[in-house]
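Following: one structure in structure tokens, then a few remarks.
Computed from a prediction, not measured in an experiment: that's the story for all the values here.
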Amino acid sequence: MNDDADLIPVFVPALGAILIAAEDKKREPLTNDEVLSIRDNAACIMMTQIDAAKLADSRGYDDLDPENCWYDWQMLRRELNRKPDLDPGARVDMVRSSDPAYQECVANARATLDEFRSMLPRYDSHSCLVKTKLDDGQSSGFVWLFNTTISDDGFTAELFEVPPSVPLLKVGQVFDVPDGDVIDWMINDDGTLYGGYSLRYHRANLPPDERPAFDEHVGVTKYG
């Protein structure tokens, strides 16, 4: 039996095809909110990486990445010569949780939790986030939570957006996150980022010319 971390969401039918049909029906470009809403309500199944690759081979193309839905959708529109051309924003490269470099990010985050605790009282809780793995009863995924406060054995934080990997969760749900379940933490002080080890890792792996768009996407102007 494969671990949850080895499973990925696969849209059936393909998300790209669903968005093409929706835009054709609307007869004008879909907005960012519309694209995300369609993604969040589209049917998907969890598959292993191997089975997903086989499905992509049978289709003859790779589907859109749900974590980079808007970006990939705009790239597909460009391939199809759809007008007008829209700003795709930044693409965030995701890594598997078993990657040693990603594991080092997790270790660094957990090793600096006392620093995070000492900083929390000085900042608006909406700018203080913690990343953990959540399960909605059918699937699981790594999720950023905000409104973070200190609890007896770790932190309490709130879900502010529902990723496609855990579609049954609800915005506004509050979760207890023990220290051992923390994947990462971050504080965004008016553009200055503290913590955010996984974000720094993703940024470092981007080509230099794509990093400014990434910074704008995550709302960071300085890495503290």
Side-chain angles (χ1 to χ4, degrees), residues 31-33 35-36 39-40 64-75 86-97 99-134 141-150 154-166 169 171-172 175 177 179 181-224:
T31 66
N32 193 351
D33 286 344
V35 168
L36 297 182
R39 177 202 65 183
D40 292 345
L64 310 186
D65 175 6
E67 298 290 348
N68 288 283
C69 186
W70 177 253
Y71 180 96
D72 282 4
W73 169 234
Q74 298 314 316
M75 294 299 101
L86 302 178
D87 181 8
R91 191 178 202 284
V92 180
D93 288 330
M94 308 304 292
V95 297
R96 293 181 60 187
S97 60
D99 178 36
Y102 190 81
Q103 293 285 345
E104 184 177 358
C105 291
V106 176
N108 288 335
R110 290 176 179 169
T112 54
L113 285 179
D114 285 344
E115 177 184 344
F116 183 42
R117 284 190 178 87
S118 69
M119 297 175 70
L120 277 175
R122 305 201 303 269
Y123 295 94
D124 183 342
S125 62
H126 284 72
S127 65
C128 303
L129 290 81
V130 63
K131 186 178 184 181
T132 190
K133 185 176 183 179
L134 295 180
F142 297 103
V143 180
W144 282 103
L145 308 172
F146 83 142
N147 240 358
T148 306
T149 57
I150 300 171
F155 306 91
T156 299
E158 179 182 339
L159 184 67
F160 62 91
E161 64 179 358
V162 178
S165 56
V166 281
L169 298 180
V171 171
F175 298 89
V177 185
D179 283 3
D181 291 343
V182 172
I183 302 299
D184 199 359
W185 64 268
M186 64 173 281
I187 294 176
N188 189 333
D189 179 21
D190 196 24
T192 298
L193 179 73
Y194 297 98
Y197 297 95
S198 58
L199 294 178
R200 296 169 192 263
Y201 173 81
H202 295 316
R203 185 181 189 276
N205 283 279
L206 290 173
D209 61 344
E210 293 184 18
R211 293 174 186 173
F214 175 86
D215 294 340
E216 182 177 359
H217 178 69
V218 298
V220 173
T221 57
K222 179 181 178 182
Y223 289 81

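Across all their heavy atoms, C105 and Y201 have their closest contact at SG-CB, 3.6 Å. Nearest heavy-atom pair, D179 versus R110, reported as atom, atom and distance to 0.1 Å: O-NE, 4.0 Å. Smallest separation of non-hydrogen atoms from G172 and E158: CA-OE2, 3.6 Å. Summarising the geometry of R211 relative to A204, their closest heavy-atom pair is NH2-O, 3.1 Å, with the distance given to 0.1 Å. The shortest non-hydrogen separation linking C128 to T148 is O-OG1, 2.8 Å. Here the shortest heavy-atom pairing between G154 and R117 reads CA-NH2, 3.8 Å.
Note on ring orientation: taking the six-membered ring where Trp is involved, the planes of F116 and F155 are tilted (angle from 30° to 60°).
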- Begin from the C-alpha positions of Y194 and E115 and carry the test side-chain contact (heavy atoms from CB on, under 4.5 Å) through to its verdict. CA-CA 10 Å; Y194 297 98; E115 177 184 344; 5.5 Å; no

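Residues forming a ring-ring contact (aromatic ring centres under 6.0 Å, His included) with F160 (at least two apart in sequence, or on another chain): F146.
D184 contributes a side-chain N or O that, together with a main-chain N or O of S198, makes up a donor-acceptor pair within less than 3.5 Å. Judged by distance alone, the side chain of T192 and the main-chain N or O of G224 form no donor-acceptor pair under 3.5 Å. Remark: side-chain polar atoms of N188 are paired, donor with acceptor, to backbone N or O of G219 under 3.5 angstrom.
Crowding of E216 atom CD: a count of heavy atoms from other residues, nucleotides or ligands under 6.0 Å not exceeding 12. The environment of D190 atom CG is sparse: at most 12 non-hydrogen atoms of other residues, nucleotides or ligands sit within 6.0 angstrom.
The shortest distance between side-chain heavy atoms of V130 and M186 does not fall below 4.5 Å. Counting heavy atoms from C-beta outward, R39 and V35 have side chains that stay 4.5 Å or more apart. Side-chain atoms of V182 and V177, non-hydrogen and from C-beta on, do get closer than 4.5 Å to each other. The side-chain heavy atoms of D65 and Y71, taken from C-beta on, include no pair separated by under 4.5 Å. Residues L134 and F175 have side chains in contact (heavy-atom distance under 4.5 Å, counting atoms from C-beta outward). Residues V220 and R200 have side chains not in contact (no heavy-atom distance under 4.5 Å, counting atoms from C-beta outward). At a threshold of 4.5 Å between non-hydrogen side-chain atoms, the residues N147 and H126 count as touching.
At a cut-off of 3.5 Å, with distance as the only test, a side-chain donor of Y223 or D215 sits close to an acceptor on the other residue.
Separating the CE atom in M119 from the CG atom in D189 is a distance of 7.5 Å, to the nearest 0.5 Å.
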